[in-house]
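Have a look at the structure below before the remarks.
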Amino acid sequence: MSQLCKESKFEEEAEEVTLDGSVDFHGGPAIRAKSGRWVAGIIILLNQALATLAFFGMGVNLVLFLTRVVGQNNADAANNVSKWTGTVYIFSLVGAFLSDSYWGRYKTCAVFQVIFVIGLMSLSLSSYLFLLKPKGCGNETIHCGKHSRLEMGMFYLSIYLVALGNGGYQPNIATFGADQFDEEHSKEGHSKVAFFSYFYLAFNIGQLFSNTILVYFEDEGMWALGFWLSAGSAFAALVLFLACTSRYRHFKPSGNPLSRFSQVVVAASRKSKVQMSSNGENLLHMDAKESSTNGNRKILHTHGFKFLDRAAFISSRDLDDQKGDVYNPWRLCPVSQVEEVKCILRLLPIWLCTIIYSVVFTQMASLFVEQGAAMKTTVSNFRIPPASMSSFDILSVAVFIFFYRRVLDPFVGKLKKTDSKGLTELQRMGVGLVIAVLAMVSAGLVECYRLKYAKQECLHCNDTSTLSIFWQIPQYAFIGASEVFMYVGQLEFFNAQTPDGLKSFGSALCMTSISLGNYVSSLLVSVVMKISTEDHMPGWIPGNLNKGHLDRFYFLLAALTSIDLIAYIACAKWYKCIQLEEKSDENNESKV
């Protein structure tokens, strides 16, 4: 009898479905033991590491490719890299929209990864056949010849295909990985929070290999080999992702969010003159069928942005226009739909405050590399590629992720003596901004000393300072530490605070912040150069950095980030968290 009970219990656990509404590949309820969890999560982490290796194997040295192979100057190359990187993240909005509205996260990830592979293969071919001429050019000593418009057109088409593929894939893979854990289940809920830290760690491990191995090949002029290795890594990531198809958990797309948002704004505007009574909350439209049809949790009513509540207020005209249980969606919206709009409006000030941080972050791919190239890069007979110094950023990320999760988080939790564990996402993002200020101050001080030991008269000015490139380690380490607090906290925050039907959009907000940071960086460089080159001065960031004042640009960024921190603190104090109706509660009510 005891044996039968054990077998029955085992069968129940084996057939237990998830509580968060996730489904399997065929659209049926996802069975907990047979889907998702760390089996699928680890595959997605490996996929992320390989895809990141492929992306940064091409992207991290793009500024040097543009100067050595294409023949652009430092300022133009830095601007073009910033614009290209910004475009990568703008495409994340395209991927998020398709994912949340129509395709779902799995299909979106698969399609954009295919585009990513095609872009890298095209770049490898065009570089090998057309751009790297004469043979062996592209290293520090041999510069390549001029290229035709067709050849440059092929190059730009290739790198923007890479931008489209990686941009559309990136926000969805983070959210898709989090989908593999049921946050309504106590154990899986903790795993879901941990997944974001490990996801960012996998991202940085991929960067570590690209910034050491691939960057070394490219810095020595073996650009085609580096690009082909990137393409191979991207293809391996795609195969690995598709191989685990049957194991994934999925969420059904919720339809076009733009139409839902427009309906709320139009409905509220139409009732702008309607007087809502003090007990108006009792007359708001609650659609009981809404969450059951799309699998999303309802958002509870909040008191902010009261004007939008008019969209859910049931007027006498709404009752007259009612056809059965159906209302005109352009005149009356459910409370949960109205709260979706409120959630996004509350997120926007926090999101805007993260853009200046992204300006700081993007300096690693441009000005940090150019600064490093002008320092002493040799140890004995070995030359250190300037772009490989970002490995110290990656090591810093790895160290601080484990330090935060294993030491700081439990310690702060004990100090707070509450059920909440450690720092909140908003507090961590604030800490990230503080460390970013320290990173820019450190970079500025290093540049002051680099100029002190630099040769003023030189042609290309590489290795013209006796100050070792290893003095850049603190600024890279500070950036890495700030990422753990800012970007991991940002991923968790936007994933937790966006409605169920807009999770990919939440991840896209993180990437769009980086995108705008790149564009703002490009604009800032242009403005600074325009102002600082008046009266025939060389400017702060000239082709010969020994004649410029890159240190002043770093100190300017430190000042802007400090101002941004003050604005962020004010926005964080104003912010109100999303309030969701738990599905487990709904299930219990239905059983009663």
Side-chain angles (χ1 to χ4, degrees), residues 46-72 77 80-81 83-85 87-88 91 109-140 142-170 206-242 365 369 385 387-388 390:
L46 290 172
N47 168 269
Q48 171 66 6
L50 288 169
T52 303
L53 190 156
F55 177 71
F56 283 97
M58 183 275 283
V60 77
N61 244 355
L62 185 59
V63 68
L64 292 182
F65 187 87
L66 290 173
T67 54
R68 294 181 182 178
V69 178
V70 178
Q72 296 180 358
N80 282 327
V81 169
K83 290 173 184 175
W84 175 80
T85 308
T87 305
V88 172
F91 281 135
C109 286
V111 169
F112 280 102
Q113 280 188 85
V114 170
I115 296 172
F116 183 45
V117 171
I118 292 171
L120 283 170
M121 288 184 171
S122 174
L123 176 64
S124 304
L125 277 172
S126 62
S127 298
Y128 178 74
L129 296 175
F130 307 120
L131 300 181
L132 296 171
K133 292 180 179 180
K135 190 175 182 180
C137 74
N139 57 18
E140 190 179 359
I142 306 174
H143 288 258
C144 299
K146 293 185 177 181
H147 310 290
S148 68
R149 288 187 178 181
L150 179 62
E151 291 168 349
M152 291 308 301
M154 280 291 295
F155 167 72
Y156 281 113
L157 174 64
S158 299
I159 65 171
Y160 278 94
L161 275 176
V162 171
L164 173 61
N166 186 263
Y169 149 85
Q170 198 63 45
Q207 262 191 291
L208 179 63
F209 282 98
S210 67
N211 291 3
T212 50
I213 299 170
L214 297 188
V215 161
Y216 176 77
F217 289 140
E218 293 166 359
D219 195 62
E220 293 298 314
M222 294 180 277
W223 293 97
L225 176 60
F227 290 158
W228 277 117
L229 288 174
S230 290
S233 180
F235 182 74
L238 174 62
V239 171
L240 186 65
F241 178 79
L242 297 176
V369 177
S388 69
S390 57

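Residues take their numbers from the sequence shown, with the count starting at 1.
The distance from the OH atom of Tyr160 to the CG atom of Leu164 is 12.0 Å, given to the nearest 0.5 Å. With rounding to the nearest 0.5 Å, the separation of CG in Leu238 from CD1 in Ile115 is 11.5 Å. Remark: Ser233 OG to Phe55 CZ distance equals 13.0 Å, nearest 0.5 Å. Distance CG/Leu53 to CD1/Ile213: 7.5 Å, rounded to 0.5 Å. Taking CG of Leu64 as the reference point, atom OG1 of Thr67 lies at 5.0 Å (rounded to 0.5 Å). The CG atom of Leu125 sits 9.0 Å away from the CE atom of Met121 when rounded to the nearest 0.5 Å.
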Assess the residue pair Asn47 and Gln113 against the criterion (side chain to side chain contact (heavy atoms under 4.5 Å, CB included)); give the C-alpha distance rounded to whole Å, side-chain angles, the decisive distance to 0.1 Å, and a yes or no. CA-CA 10 Å; Asn47 168 269; Gln113 280 188 85; 3.0 Å; yes
What do the steps show when you test Val114 against Val117 for side chain to side chain contact (heavy atoms under 4.5 Å, CB included), and what is the final call? CA-CA 5 Å; Val114 170; Val117 171; 5.9 Å; no
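Scanning both residues, Leu242 and Ala110, for their nearest heavy atoms gives CD2-CB, 4.2 Å. Shortest non-hydrogen contact noted between Ser124 and Ala231 is OG-CB, 4.3 Å. Ser158 and Ser122 make their closest contact through OG-OG, 2.6 Å (heavy atoms, listed as atom of the first residue, atom of the second, distance). Nearest heavy atoms, Ser210 versus Gly57: CB-N, 3.5 Å. Between Cys109 and Phe241 the shortest heavy-atom distance is CB-CZ, 3.6 Å.
Residues forming a side-chain contact (heavy atoms from CB on, under 4.5 Å) with Leu229 (at least two apart in sequence, or on another chain): Leu214, Phe217, Leu225. The side-chain hydrogen bond (donor to acceptor under 3.5 Å, both in side chains) test applied to Ser390 returns Asn211, not counting sequence neighbours.
Applying the 6.0 Å contact sphere to OH of Tyr156 captures more than 12 heavy atoms from other residues, nucleotides or ligands.
You'll find the side chain of Phe155 reaches within 4.5 Å of the side chain of Leu66, heavy atoms only. Looking only at side-chain heavy atoms (C-beta outward), Met154 and Leu131 stay at 4.5 Å or farther from each other.
When each of Asn166, Leu161, Val111 is tested with Phe116 by the rule side chain to side chain contact (heavy atoms under 4.5 Å, CB included), just one qualifies, namely Asn166.
A distance-only check finds a donor-acceptor pair linking the side chain of Ser126 to the backbone of Leu123 [under 3.5 Å]. Thr87 contributes a side-chain N or O that, together with a main-chain N or O of Lys83, makes up a donor-acceptor pair within less than 3.5 Å.
Applying the ring pair (Phe, Tyr, Trp, His ring centres under 6.0 Å) test to every pair with at least one member in residues 221-240, sequence neighbours left out, gives these pairs: Phe65-Trp223, Phe65-Phe227.
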